[in-house]
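Naming: A, B, ... by sequence-line order, numbering from 1 per chain.
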Amino acid sequence: MIPAKAIQAGRAFALLAALFLFAFGIAVVLLALDQQRVVDATSRLQDQTVPEIIRFQRLARNLEQLRQEGERIFAVSSQTSRQQSMFVVTLIASHPSILEHPGAARLARETEQFLGDVVRQAGTDDRRPATRYDEWQRIAARLGMQVDDVSVQGINLANTDLNVATTAMRLARYKLMTALVLVGVFLIVFMVLVRRHLIYPLQRINQVLSTLSADRPAPEFAPATMLEIRAVEDSVREHHALLIQNDETRQVLEKLANKDGLTGLMNRRHFMQSAEVELQRAQRYRRPVTVAMADLDLFKKLNDTYGHAAGDAMLRAFADLVRDTLRQSDFVCRYGGEEFAFLFPEIGPAETEKLAERLRARCDAMEVPLPDGRLVKATVSIGLADASECPIEIALKRADEALYEAKRLGRNRVVLSSPAVPEIDGEPDTLTGNLF
Amino acid sequence: MSRAALLLLLWCAIPASLGGGVLAADRPALRVLVLENAPPMSFRDEFGKLTGFSVEVARAVCSEMRVNCAFDVVTQSALIPTISQGKADIAAVGLLETPERRAKMLFAKPYYRSISLWLARPGVVPGQAGVRVAAVVGSVQEAYGRKQGWEMNPVTTHGELAEPLISGQAQAVLVPMISALNLQKTAAFRKLGLATTVINAAELSGEAAFGISPFRPELQKEINAALDRIKRNGTYDRINSRFLPFRVS
């Protein structure tokens, strides 16, 4: 019944929550790290890479300027203009922005030398430049390509930062998904555990409590994992045991309350309740019903002669005799002292008289042994009355009168009360009755 | 309808006027030193307004910093003493960073890169005996020439550099590249038929930056950030194209 291992629900769920927080915390930290990498990459892009890209664009612009100045040297006719352009070419080719890029520096130096030659030659012979224009075209084409290369190189500088950011974002996406799955799994596990170990046992307890009764067997519980649930289940079992105990006590008390202690017959209160109910039933269905009062004859004398113990023995013996003689359905109680009251359902006075007569005869024949070996005897006087048409009190009063009549007639006999005189005939009416 | 329009105008005007007021009231104008006769870096245009590459970069920086700037004209020789004594906040002149200068003032991030040129008749080489070299007083070129033991012919402004060569007082001139560009523009100078030689000395080429008063160190960071912004947002390149034939940064 009791499983080997039981855990406290609070501790178990706290442990689960701590585990979850730990795992989720790690996921959050990892995500934050990725986010930081993205932030770093973008700020590096903005603060370092973009200025660097702009630097490449300026370099490209200077190379393009170099090409334009070269074109101008070939295009213009004035030597002064050529020299001015040549001066700018010299400056550009010597400028640090060009010198720091090896490819551009080489090409610029070559361009400067070529154009310098051209300008010098033009100083002596104005037609010379035209002859070298094809050569210049090749250099100009290389300058153009160098411009393209430098531009693309500059733009590509952003790739590293963008790749870092993209990788970090992708990683972050996987981690986020993992974290979400983690949350989902933990929630499911949590719900399953709560359901299995808390909700289901509580539902079972509720069901058991709603049908818990002393009439039913003790509730059975499957072994619970949680200590708290187990405590409640134990309480339910204890409660059931208490219910049974209370019911037994109640039954005992009820019997004690309804029975006469000495004879084991009904007591007067219980008889009056039961007889009342039976009488009403009989009268409703117009069934015959008869009541009787009996009294052990000369009982006081028996007590005085043999002692109270003998009297009690006599009362017990008479009660046994009554139980033995009467039908199962008859009501009988110790009415008080040595007096007994009866109610006989379903039979009228005539049949009751036979029954009573048998009782009287058997009592008359009975000898009751006392502890000291002596035998005592007692007779009984019985008064009967029809109860089919009057309240129980009236019927019993008539039976008592008949009993009194039996005593008066010499005891040890059965007397049937004379047919009932209508109740409405009171004392004055007796005279009227006599008149008819 | 017209009342609503008026309210809208007021609504728009309040923050603008407030902002402007705060700007003017909160931050006193920065005193910015510029050279006057040094085209195309710093000169007066036909309307007498100061302009040029350095001046316009300084204006753009001031506008990025959201401060008002008051321009003061000085000579090259007076420039460094003025800034080092804290009589001005910014020297909007392309200064090469030398150890002597670093001891006297702070430098912003460089805004262009320069080289120095030796302009002389073909055959006249640096260090040749009997050659007088023209240079601007207080410039690194003058300091370099003196250090080399050359005979120097100092002038006050960049605009006066052509004078000694044309008059024959000097046989060569040692100048920053942008001044040389300007010299080449005058017909009289071109007539001299000078040859150009790049002087590859460490102290004569490299990055040129604005000077900052040693008493205003907090300005350095702000000026650098403003320079970064104008270099990114295109303002700087537009100024470059306006005054110079190629990219100088």
* **Inter- and intrachain pairs under salt bridge (charged side-chain N to carboxylate O under 4.0 Å, His left out), touching residues 154-177 of chain B, at least two apart** => none
* Main-chain N/O of Ile54(A) paired with Arg232(B) side-chain donor or acceptor, under 3.5 Å -> no
* **Sidechain-backbone polar pair: Asn62(A) side chain, Arg247(B) backbone, donor-acceptor under 3.5 Å** => yes
* How about residues 27-40 of chain A versus chain B: which residues have heavy atoms under 4.5 Å apart? -> none
* Applying a criterion of heavy atom separation less than 4.5 Å, what residues of residues 65-89 of chain A form contacts with chain B? -> Gln65(A), Thr80(A), Gln84(A), Phe87(A), Val88(A)
* Asked: How far does CZ of Phe246(B) sit from CG of Leu59(A), to the nearest 0.5 angstrom?
  -> 12.5 Å
* To do: To the nearest 0.5 angstrom, please state how far the CG atom of Asp47(A) sits from the CG atom of Asp228(B).
  =>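 Between Asp47(A) CG and Asp228(B) CG, I get 7.5 Å after rounding to 0.5 Å.
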[X] versus chain A, the contacting section by heavy-atom distance below 4.5 Å:
X	value
Lys185(B)	both
Ala180(B)	both
Thr196(B)	side chain

* Asked: Do other residues, nucleotides or ligands put more than 12 heavy atoms under 6.0 Å from the CZ atom of Arg102(B)?
  ->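 Buried by this count: over 12 neighbours within 6.0 Å.
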* Highest number of heavy-atom pairs under 4.5 Å with chain A: which of Ile178(B), Asp237(B), Asn200(B)? ->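 Result: the option with the highest number of such pairs is Asp237(B).
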* How about residues 108-122 of chain B versus chain A: which residues have heavy atoms under 4.5 Å apart? ->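 Arg113(B), Ser114(B), Ile115(B), Leu117(B), Leu119(B) fall under the 4.5 Å cut-off.
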* Contact origin within Arg61(A) toward chain B - heavy atom pairs under 4.5 Å -> side chain
